[in-house]
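The first residue of the sequence shown is numbered 1, and numbering continues consecutively from there.
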Amino acid sequence: MRKLSAEQRRSEAERLLQLFADEPHFQSAQRVLIYNPLPDEIDVLPILQKYKAQKQFFMPVVADDNTLKILPYSDEQKTGAFGIGEPVGSDYAEPDSIDYIIVPGVAFSTDGHRLGRGKGYYDRLLKQTHAYKTGVCFAVQVTPLIAALHEPHDVIMDTVISSPLSLSPQS
């Protein structure tokens with residue numbers, strides 16, 4: 001990921017925005033969980049900016065019990081765990097009230113397996129919902145090797161969207 005320049009990252013993020021414009025599950029969703037990106041993750045915030053008038057967006061926050069809780073998106077944010085921006089508030093949403101989840105990852109396989117950062121936060125959250133799960137990443141983060149690392153507790157994505165490629169494991 002460090003091999004991508006700032007211009008390449010921006011260009012890839014713009015292409016990703018177009019892929020979401022064409023993704024039917026995203027288009028029909030009303031309540032979307034999105035994330036604040038770390039420096040090595042694709043920036044999905046342009047999606048929020050483009051669709052915030054049509055959809056209700058939420059963001060995960062790391063709770064004291066080392067689980068992810070869900071708060072409505074707010075421009076008012078604090079620096080949370082791991083230096084990630086988090087909305088301020090305590091009006092948590094139930095995971096099963098979310099229609100669509102945009103999931104970050106270190107890498108993905110074409111069949112929907114995801115390599116996270118090793119703490120299991122997203123896997124524990126994803127098991128609590130029936131939302132459509134879309135992994136997002138740069139094309140260089142897609143590798144078949146991730147499927148071999150799959151563990152029983154890992155949650156498989158419904159779709160992986162990578163810029164500039166879109167892969168649908170559940171089709």
Side-chain angles (χ1 to χ4, degrees), residues 1 6 9-10 12-108 112 114-138 141 153-163 166:
M1 289 312 310
R9 288 173 188 269
R10 185 194 59 71
E12 293 284 293
E14 286 177 8
R15 280 184 250 189
L16 182 74
L17 184 61
Q18 183 55 48
L19 292 172
F20 271 94
D22 298 332
E23 209 288 302
H25 294 96
F26 175 76
Q27 290 302 316
S28 66
Q30 296 299 306
R31 297 168 60 91
V32 177
L33 181 66
I34 199 164
Y35 63 89
N36 261 326
L38 290 169
D40 61 344
E41 295 172 337
I42 197 158
D43 185 358
V44 293
L45 296 179
I47 296 167
L48 182 146
Q49 294 306 317
K50 181 174 181 177
Y51 293 100
K52 68 181 176 182
Q54 296 127 359
K55 301 179 183 302
Q56 187 176 8
F57 284 91
F58 298 82
M59 286 190 157
V61 298
V62 178
D64 292 337
D65 63 355
N66 285 324
T67 62
L68 287 182
K69 302 286 188 192
I70 300 171
L71 282 174
Y73 171 78
S74 168
D75 288 331
E76 182 184 352
Q77 298 205 352
K78 64 180 176 79
T79 301
F82 312 106
I84 301 170
E86 297 179 347
V88 175
S90 59
D91 189 20
Y92 297 116
E94 290 297 320
D96 215 26
S97 72
I98 303 298
D99 302 320
Y100 194 94
I101 302 175
I102 301 174
V103 185
V106 173
F108 293 88
R114 173 182 167 271
L115 178 64
R117 297 192 179 269
K119 303 271 187 206
Y121 289 108
Y122 267 93
D123 288 313
R124 288 191 297 275
L125 174 69
L126 295 174
K127 286 183 179 183
Q128 299 176 50
T129 180
H130 298 300
Y132 195 84
K133 300 161 209 48
T134 297
V136 294
C137 62
F138 295 104
Q141 292 174 278
H153 66 270
D154 292 338
V155 175
I156 298 173
M157 302 295 101
D158 295 304
T159 298
V160 175
I161 294 179
S162 64
S163 181
S166 179

Nearest 0.5 Å, what's the CE-NZ distance between Met157 and Lys133? 7.0 Å
Please report the closest heavy-atom contact between Ile47 and Phe57, naming both atoms and the distance. O-CZ, 4.1 Å
Do the non-hydrogen side-chain atoms of Gln77 and Met59 ever get within less than 4.5 Å of each other? yes
Validation row: Asp158, His25 side chains within 4.5 angstrom (heavy atoms): no
Asp43 and Pro37: which non-hydrogen atoms are nearest, and at how many Å? OD1-CG, 3.7 Å
Any Ile98 side-chain heavy atom under 4.5 Å of Phe58 side chain: yes
Determine whether Lys127 and Val155 make a side-chain contact, defined as any pair of heavy atoms from C-beta on separated by less than 4.5 Å. yes
Give the C-alpha distance, both sets of side-chain angles, the deciding distance and a yes or no for side-chain contact (heavy atoms from CB on, under 4.5 Å) between Tyr51 and Val32. CA-CA 10 Å; Tyr51 293 100; Val32 177; over 6 Å; no
Apply side-chain contact (heavy atoms from CB on, under 4.5 Å) to residues Val136 and Val103 and explain how you reach the verdict. CA-CA 6 Å; Val136 294; Val103 185; over 6 Å; no
How many angstroms lie between CD1 in Ile42 and OH in Tyr35, if you round to the nearest 0.5 Å? 6.5 Å
Can you name the nearest heavy-atom pair linking Gln128 to Pro95, along with the distance? OE1-CG, 3.4 Å
Ignoring hydrogens and geometry, is there a side-chain-to-backbone donor-acceptor pair from Ser28 to Pro24 under 3.5 Å? yes
Grab the two heavy atoms, one from Leu71 and one from Pro87, that are nearest each other, plus how far apart they are. CD1-O, 3.4 Å
Gap separating the CG atom of Leu45 from the CG atom of Leu17, nearest 0.5 angstrom: 11.5 Å
To the nearest 0.5 Å, how far apart are CG in Asp96 and CZ in Arg31? 10.5 Å
Please report the interatomic distance CD(Gln141) to CZ(Arg114), rounded to the nearest 0.5 Å. 11.0 Å
Apply side-chain contact (heavy atoms from CB on, under 4.5 Å) to the pair Thr129 and Leu33, showing each step before the final yes or no. CA-CA 11 Å; Thr129 180; Leu33 181 66; over 6 Å; no
Should we count CG of Asp22 as having more than 12 external heavy atoms under 6.0 Å? yes
4.5 Å side-chain heavy-atom contact, Thr134 and Phe20: yes
Less than 4.5 Å apart, side chain to side chain, heavy atoms only: is that true for Lys55 and Tyr100? no
Over-ring placement of Arg124 relative to Tyr121, 6.0 Å and 45° cut-offs: yes
Answer yes or no: does atom CD of Gln49 have more than 12 heavy-atom neighbours from other residues, nucleotides or ligands under 6.0 Å? yes
In Å and rounded to the nearest 0.5 Å, what is the CZ to CZ distance from Arg15 to Phe138? 10.5 Å
Side chain to side chain, Ile84 and Thr79, heavy atoms closer than 4.5 Å: no
Please check if the number of heavy atoms outside Gln54 that lie under 6.0 Å from its CD is greater than 12. yes
Derivation and outcome, side-chain contact (heavy atoms from CB on, under 4.5 Å), residues Tyr73 and Asn36: CA-CA 10 Å; Tyr73 171 78; Asn36 261 326; 5.8 Å; no
For Pro104 versus Ile102, what's the shortest heavy-atom pair and its separation? CD-O, 3.9 Å
At their closest point, which heavy atom of Tyr92 faces which heavy atom of Val61, and how far apart are they? CE2-CG2, 3.8 Å
Are Ile101 and Tyr132 packed together at the side-chain level, in the sense that at least one heavy-atom pair is separated by less than 4.5 angstrom? no
